[in-house]
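Reading through the structure tokens given below for one structure.
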Amino acid sequence: MQERQPTRHNALNALRLLLAALVIVTHTDTVLGRADFRVAGDTLGGWAVAGFFAISGFLVAGSRGRTSLADYLRRRTLRIMPGYWACCLVIAFGLAPLLAALTAQRWDLGSALGYVLRNGALVQVQPGIEGTLTSAAYPGTWNLSAWTLIYEFTAYVVLGLLLPRTTGRWALPGAVALLVGATILSAPRFKAVVPYEVFTFGRLGTFFFAGAVLYVLGRRVAWTPWLAALAVLALGALASTSRLTWFGALPLAYLLLWLGRVLPVRVGSVNDISYGVYLYGFPVQQCLATFWPQAPPALFVPAVLACVLPLAWLSWRFVERPAMRWRGRAPAPAALPAR
């Protein structure tokens, strides 16, 4: 049995907010035309996304264990799609025409409509809007962060279909099988063989399904500082052998969930704006970099956050939270397992 513990009693939302901020930090180099800073084979933003997937896998596995497939898919859709659609509308009919007017560029209505309609299924078919961002350091793309959303939603669907119950006797073998399958797909030798989308899903899926495995294990996992320290050592050893992006999912997931359990921070426990920060970070960065292309990163990041946080709060208050009310009566929230 899992110890039921509402999200407001742990630091997972605060961690997700921090991870969203790290994505903004990484994309600062992108929008200012600078070389990306990489750690152990990936950018800080890449590792932040991996952390997102690990936490999401844990929480989503808990949801799957308490709901039918139809209810589970409806809940997952209502959590990810309305906020994303609203962001597309804000970009197409808010930020893009405003930026075009301020920079004497041309904003095309048909292209703006196409941006919303063609990207509506989470796949970034049309990354830009005609006439805008033409002189940007990263031209033609309004929301670089959004590319991960289709992989996350695919992970939702795969978990829902292949792991019917995350509390039954076959839950652990099923979760482990998903983790092993994703790990095989993300093997470096397959990168040039399998389609890019399959390899990328495997890589991100390892972190998602690692979180799911830890949820299924529940009380069988000891959540101690010693194991957290061992996870850090494992991450360091994998980084030194260039295998962190392949085998680092379980230790990273364990470390993040342990931090979520022990940290006293409760930022975002009531108003979870992390998704909004993730969605609106890059569009705001593109706009701000247009007028401040030589900005020092130490000043640029706080300026971006000052603009993004109100947008993220509005997204949560008027789009995401109202949409979640359509899910029906919520089951008990996912818990951080007791020791």
Side-chain angles (χ1 to χ4, degrees), residues 15-16 18-20 22-23 25-27 29-30 36-61 76 80 122-124 127 141 143-163 174-216 231-232 234-257 274-275 278 281-282:
L15 285 173
R16 290 194 290 188
L18 174 62
L19 294 173
L22 285 178
V23 173
V25 171
T26 290
H27 285 164
D29 290 331
T30 303
D36 291 333
F37 175 71
R38 304 183 78 83
V39 178
D42 206 343
T43 63
L44 287 177
W47 287 117
V49 169
F52 266 121
F53 272 72
I55 295 174
S56 180
F58 176 85
L59 296 174
V60 169
R76 302 277 57 81
I80 199 170
L122 296 178
V123 180
Q124 300 301 290
T141 298
N143 202 342
L144 185 61
S145 302
W147 72 270
T148 66
L149 299 181
I150 185 60
Y151 294 103
E152 180 160 2
F153 194 78
T154 301
Y156 293 165
V157 174
V158 170
L159 180 73
L161 293 175
L162 301 184
L163 202 63
V176 170
L178 289 174
L179 175 58
V180 171
T183 303
I184 292 172
L185 286 178
S186 64
R189 69 180 62 182
F190 288 161
K191 188 172 185 179
V193 178
V194 301
Y196 168 81
E197 294 79 7
V198 174
F199 176 82
T200 303
F201 175 75
R203 181 184 180 279
L204 295 176
T206 59
F207 296 94
F208 185 90
F209 296 123
V213 167
L214 290 174
Y215 176 84
V216 172
V232 172
L235 291 171
L238 289 168
S240 67
T241 59
S242 302
R243 289 292 182 267
L244 185 56
T245 57
W246 190 13
F247 291 122
L250 269 176
L252 180 64
Y254 181 94
L255 181 61
L256 287 173
L257 292 170
S274 59
Y275 185 41
Y278 185 79
F282 195 79

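Everything numeric in this text was worked out from a predicted model, so none of it was measured. Side-chain atoms are counted along with the backbone in the values below, which use heavy atoms only and exclude waters and symmetry mates.
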T43 (side chain) donor-acceptor with G46 (main chain) under 3.5 angstrom: yes
Donor-acceptor under 3.5 Å (S186 side chain, T183 main chain): yes
Ring centre gap for F52 and Y278 strictly below 6.0 Å: yes
Sole residue of Y254, F53, F209, Y215 in ring-ring contact (aromatic ring centres under 6.0 Å, His included) with F58: Y215
Nearest heavy atoms of L235 and L255, plus distance in Å: CD1-CD2, 4.0 Å
Partners passing ring pair (Phe, Tyr, Trp, His ring centres under 6.0 Å) against Y151 (at least two apart in sequence or in another chain): W147
Heavy-atom pair of closest approach, residues D42 and R203: OD2-NH2, 2.7 Å
Under 3.5 Å: donor-acceptor pair, side chain of T26, backbone of G45: yes
Rounded distance (nearest 0.5 Å) linking atom CG of L244 with atom CG of L238: 6.0 Å
Geometric class of the H27/F282 ring pair [parallel <30°, tilted 30-60°, perpendicular >60°]: perpendicular
Distance, nearest 0.5 Å, that separates CD1 of I55 from CG of L256: 5.0 Å
Gap between atom OG1 of T206 and atom CG of L250 - 0.5 Å precision: 9.0 Å
Where L19 and A48 come nearest, the two heavy atoms and their spacing: O-CB, 3.3 Å
Distance in Å, E152 CD paired with L204 CG, rounded so as to fall on 0.5 Å steps: 9.5 Å
Spatial distance of atom OG1 (T154) from atom CG (L149) [nearest 0.5 Å]: 10.5 Å
Y275 side chain vs I80 backbone, donor-acceptor pair below 3.5 Å: yes
Non-hydrogen atoms of G202 and L185 that approach each other most closely: CA-CB, 3.9 Å
Value rounded to 0.5 Å, distance of CG in L22 from CG in L15: 10.5 Å
Distance-minimising heavy-atom pair for A231 and P251: CB-O, 3.6 Å
Heavy-atom pair with the smallest gap, counting every atom of F207 and A50: CB-O, 3.5 Å
